[in-house]
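Scope of the values below: all heavy atoms of this structure, side chains included, with no hydrogens, waters or symmetry mates. All ligand and atom numbering here is 1-based and tracks the order in the structure.
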Amino acid sequence: MTQTEQLAARKAPAHDDLTASLCKQLSIALAKFPRLPLGHFPTPLEPMDRLSEVLGGPRLWVKRDDCTGLSTGGNKTRKLEFLMADAVEKGADTIITQGATQSNHARQTTAAAAKLNMECHILLEDRTGSNDPNYILNGNVLLDRLHGATVSKRGSGEDMNAEMESLAADLQRKGKKTYIIPGGGSNTTGALGYVNCARELVEQATNIGLKIDALVHATGSSGTQAGLVTGLAAIQSDIHLLGIGVRAPQEKQEGMVFDLATKTADILDPVVNISRQDVRANCDYVGPGYGLPTDGMIAAIKLLAQTEGLLFDPVYSGKGLDGLIDQIKKGYFDGMDNVVFLHTGGSAALFGYSETFGLPGYE
Ligand SMILES: *Cc1c(COP(=O)(O)O)cnc(C)c1O
């Protein structure tokens, strides 16, 4: 062993020790917040060997938050463990939330409310203008109703927060104790779920001797990325985090994430310092708009279905993957060995977009 190698061998465990103690400290900080078990954790971390081979870039891994178990799973489950616990603690019996027609957040919220014996009201905003019967009735909308929620529609561009407030006032007059969850479950309480996910992922990687260079995922209402930014900062991780935007332009998206990460970091003990440069969003893969298909998304979903047997969704994770694949081709990850894609779920929405894929009939 050369002297440098000896030094490296001595340093590596020290670094692991620091990470382990910071992870433990973060667990203790998170344990101060009420949390109800709604999902299966930790979610698996798996290699995507066929995809890595086809793309010829870094080794690709997938963090399976599509496997959280709650009504076909997805990233909202981690947020809802904290949000629903807060609702229960505040004595609520009725949950109100909002989203786009094919909202995965709405679907997971309806399931969580059912499990906790709460009434659930969902307001769905028509952001795409689609009249495809599958889009407006199948996929997540079917599951919202199956879980027993009251589902109503709102037009594009309505003030959804005001709509939720006015519904809450109506329900309160009828004696209900309402609790409003913001769109995507993205406030500091919800973001705690992804603070914890950062810790979970780093511990998982350490256990299998994996050094993660970058973590990529779809970013929308910003709670997922804000939580990850905060969690990674808390454990002093140098993982390069990249959000792929699905709606807002870059400056707005990064601003939303930074704002929520700062607020989330402030409620932790000890307080975590968030630096603006750790917030990165690439918003070049949105296409014509939120929820509207792109060729890159369609190609990415087909590629993953046919190389890895994995299902991604047209609105979020499919566009996130499109960004990942294109950025690998453009050399963004050059020099990195291991890149993890956080699978945020959403495959139930595929059934709302069946026309999009132009698949052939029977042979
Ligand atoms: C909500 C959602 C996202 C985005 O997460 P945010 O916390 O809203 O940024 C990504 N993927 C899927 C499948 C989602 O449902």
Side-chain angles (χ1 to χ4, degrees), residues 39 43 62-68 70-80 82-83 97-111 124-125 127 139-140 143-144 160 181-198 215-231 241-248 252-261 264 279-283 285-286 290-291 297 300-301 304 310-324 341-353:
T43 58
V62 58
K63 172 69 172 159
R64 299 289 307 272
D65 274 14
D66 57 321
C67 296
T68 58
L70 186 70
S71 183
T72 77
N75 64 336
K76 304 313 180 305
T77 307
R78 288 188 193 268
K79 301 176 179 185
L80 287 163
F82 288 94
L83 289 161
T97 197
Q98 61 98 1
T101 305
Q102 283 294 333
S103 168
N104 302 301
H105 162 67
R107 182 244 313 152
Q108 286 161 87
T109 305
T110 61
L124 295 179
E125 180 190 0
R127 290 187 202 160
N140 284 308
L143 300 183
D144 294 343
M160 297 301 282
I181 295 180
S186 286
N187 56 16
T188 55
T189 305
L192 293 173
Y194 274 88
V195 174
N196 190 43
C197 179
L215 175 62
V216 181
H217 68 97
T219 180
S221 68
S222 85
T224 301
Q225 190 171 0
L228 290 172
V229 166
T230 309
L241 181 67
L242 175 67
I244 306 290
V246 299
R247 191 177 189 189
K252 183 176 176 196
Q253 187 67 27
E254 290 185 349
M256 278 164 45
V257 172
F258 181 62
D259 186 50
L260 183 55
T264 307
V279 177
R280 303 171 202 94
N282 181 327
C283 299
Y285 302 91
V286 178
Y290 173 90
M297 173 279 287
I301 288 185
L304 268 286
L310 291 174
L311 296 176
F312 290 82
D313 83 284
V315 182
Y316 296 95
S317 56
K319 287 185 180 174
L321 270 175
D322 180 25
L324 171 74
F341 187 73
L342 172 66
H343 192 333
T344 43
S347 64
L350 285 171
F351 306 102
Y353 281 81

Taking only non-hydrogen atoms of K79 and a 4.0 Å limit, the atoms of ligand 1 in range are 6 (P), 7 (O), 8 (O)
List every atom of ligand 1 that sits less than 4.0 Å from any heavy atom of N104, numbering the atoms from 1 in the order shown and giving each element.
-> 13 (C), 14 (C), 15 (O)
Looking only at non-hydrogen atoms, find the nearest pair between [X] and [Y] and report the distance.
| X | Y | answer |
| --- | --- | --- |
| D322 | A300 | N-CB, 3.9 Å |
| L143 | A348 | CD1-CB, 4.0 Å |
| L321 | F341 | N-CZ, 3.7 Å |
| G345 | D313 | O-OD1, 3.2 Å |
| L311 | S347 | CB-CB, 3.7 Å |

Under 3.5 Å, is there a donor-acceptor pair between the side chain of R78 and the main chain of N196?
-> no
Please state whether H217 comes within less than 4.0 angstrom of ligand 1, counting heavy atoms only.
-> no
Starting from [atom], find the nearest protein heavy-atom neighbour and note its residue, name and distance.
| atom | answer |
| --- | --- |
| atom 5 (O) of ligand 1 | N75 ND2, 3.1 Å |
| atom 10 (C) of ligand 1 | T344 OG1, 3.2 Å |
| atom 9 (O) of ligand 1 | G220 N, 2.7 Å |
| atom 13 (C) of ligand 1 | G345 O, 3.1 Å |
| atom 1 (C) of ligand 1 | K76 NZ, 1.5 Å |

Counting both backbone and side chain atoms, is some N or O of S221 under 3.5 Å from an N or O of ligand 1?
-> yes
Has ligand 1 got any nitrogen or oxygen that is less than 3.5 angstrom from a nitrogen or oxygen of D313?
-> no
Please work out whether any backbone atom (N, CA, C, O) or any side-chain heavy atom from C-beta onward of [X] is under 4.0 Å from ligand 1, and answer side chain, backbone, both or neither.
| X | value |
| --- | --- |
| V315 | neither |
| H105 | neither |
| S222 | backbone |

Can you sort out the partners of Y353 under side-chain hydrogen bond (donor to acceptor under 3.5 Å, both in side chains), two or more places apart, ordered by chain and number?
-> none
Results of side chain to side chain contact (heavy atoms under 4.5 Å, CB included) for A226 - residues two or more places apart only | V257, L260, A261
Just one of I244, L242, N75, L241 clears the side-chain contact (heavy atoms from CB on, under 4.5 Å) bar with H217, so which one?
->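 For H217, the side-chain contact (heavy atoms from CB on, under 4.5 Å) check succeeds only for L241.
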